[in-house]
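Whatever order the structure lists them in is the order used to number ligands and atoms, beginning at 1. The structure presented is a predicted model; accordingly, all values stated were derived computationally and were not measured. If you read the sequence from its start, that first residue is 1, and numbering goes on from there.
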Amino acid sequence: MKPKILVSRKISDGAEEILKQEFDVTLNLNDKPYPYEELIKLVNNYDGLISTSFDKLDKNFFESLTGRLKVIGHVGVGYDNINTQSAKEKNIKVSNTPNVLNDAVAEITILLILASSRRIGEAYNLVKTNTWKDHRPDITKLMVGNEITGKTLGIIGMGRIGQIVADRARAFNMKIIYFNRNKLSKDLEKDAAYYSDLKSMLPNCDYVSLHTPATPETKNIINPETLKLFPKHSVFINTSRGSTVDDDALIEALKNKKIYGAGLDVFNNEPNLDKRYLELDNCFVLPHVGSATHETRLAMSMLAVNNLKCFFSNKPLLSEVV
Ligand code: 8YV
């Protein structure tokens, strides 16, 4: 008998096809989220689950399981929605989707750097709302922003995504500095300067881009104390997780022009982000689309499926979390 797999949301077509061939699969073709309690009840009839970031797989979820579920292939590199300790206690394997989304997230990071420096949100709104009327604008003012060429980019978290962001930024002649738990080897670091202390790096940044996972250590790493160290002309970029930011502090800094701007793809409590962000001209916002390309979403879906294939053929998982 083929293992039974539940897929909590719609995933890429190509990956669904493989699931149909290999497993006894229940897809979610109309992408209707299962309510929390319903998912718990349902998943007890399955050997494997393909999850997304929108599923809350917390302690109670794992404690409510009756023993059949053995593996979770999570579609996402971040897995802060999964209580991995509880999974481990229940002897359930969990995999994520690292690497395959690096380029897509790096692209969005560069987009946010450019958009927040060149006032693209304001400029786009001016045209879209049909309020671009001035034939002879003040050329020193109208949508005049900052150039990124030659500026210094400070990267918080120089992992796989941080390193690709650095490479892309080098194409703009940006100087790279970084804060990380460990100094990278010379070949990975290239010309980037290492700071073992975040507070020493921040005053030297024109741009600060955050690429850490959501952990207790990174919660509110952007807070009143760290924001005080950002130069007044600097821009903050976040494509990792909203929990790294103390919203009150960032909004206060943006509102009172203590920093130049921010470009944010991720928020606390998505999609119900703090609405004060929407009132700020110097904050460019996106609805968590870092990995949203056809290529990457297919690669993420395929990696989750291939992890399940490995599990059920007694091979090591390709990207095991626990
Ligand atoms: C996805 C992400 O939107 O990979 C992650 O951690 O945040 C995004 O790529 C999400 O995980 C989809 O489940």
Side-chain angles (χ1 to χ4, degrees), residues 5-16 19 27-34 36 39 43 48-58 61 71-84 87 94-112 156-157 159-165 209-216 218-219 221 237-245 263-273 285-308 317-322:
I5 307 297
L6 178 68
V7 187
S8 75
R9 299 290 298 267
K10 176 85 185 76
I11 61 168
S12 298
D13 294 346
E16 291 181 339
L19 284 170
L27 300 171
N28 187 347
L29 293 178
N30 57 18
D31 198 36
K32 194 163 172 269
Y34 292 110
Y36 178 72
L39 182 66
V43 85
L49 170 70
I50 294 209
S51 63
T52 69
S53 300
F54 319 111
D55 304 309
K56 190 168 136 203
L57 309 184
D58 58 2
F61 171 89
V71 62
I72 298 173
H74 179 62
V75 184
V77 65
Y79 47 88
D80 41 305
N81 60 313
I82 304 177
N83 188 324
T84 50
V94 178
S95 65
N96 68 341
T97 59
N99 295 322
V100 292
L101 42 57
N102 297 354
D103 290 319
V105 176
E107 285 180 7
I108 280 287
T109 305
I110 297 297
L111 182 148
L112 289 173
I156 304 177
R160 295 168 293 233
I161 295 175
Q163 289 168 39
I164 294 182
V165 168
S209 189
L210 202 145
H211 300 283
T212 58
T215 62
T218 62
K219 189 169 167 58
I221 192 169
I237 305 296
N238 194 3
T239 54
S240 73
R241 282 292 182 268
S243 64
T244 55
V245 173
L264 308 175
D265 184 43
V266 290
F267 300 89
N268 282 302
N269 198 25
E270 292 174 10
N272 302 311
L273 72 160
V285 289
L286 291 175
H288 198 151
V289 292
S291 68
T293 67
H294 294 295
E295 297 86 344
T296 290
R297 287 283 163 82
L298 174 61
M300 292 166 75
S301 302
M302 285 303 295
L303 183 50
V305 169
N306 286 332
N307 270 299
L308 292 204
L317 300 192
L318 301 170
S319 44
E320 177 174 325
V321 173
V322 286

The criterion is salt bridge (Lys or Arg N to Asp or Glu O under 4.0 Å); which residues satisfy it with Lys219, sequence neighbours excluded?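 Scan of Lys219 (salt bridge (Lys or Arg N to Asp or Glu O under 4.0 Å), adjacent residues dropped) gives none.
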For [X] and [Y], indicate whether the former's side chain and the latter's backbone hold a donor-acceptor pair under 3.5 Å.
X     : Y     : result
Ser12 : Gly14 : no
Asp55 : Asn81 : no
Asp31 : Lys10 : yes

Could you please provide the protein residues found below 4.0 Å of ligand 1 on a heavy-atom basis, arranged by chain and number? Thr52, Ser53, Val75, Gly76, Val77, Gly78, Leu101, Arg241, His288, Ser291, Arg297, Met300
Side-chain donor-acceptor contact under 3.5 Å, His211 with Ser240: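 No donor-acceptor contact under 3.5 Å links the two side chains.
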Distance-only polar pair, side chains of Asn307 and Ser319, donor-acceptor under 3.5 Å: yes
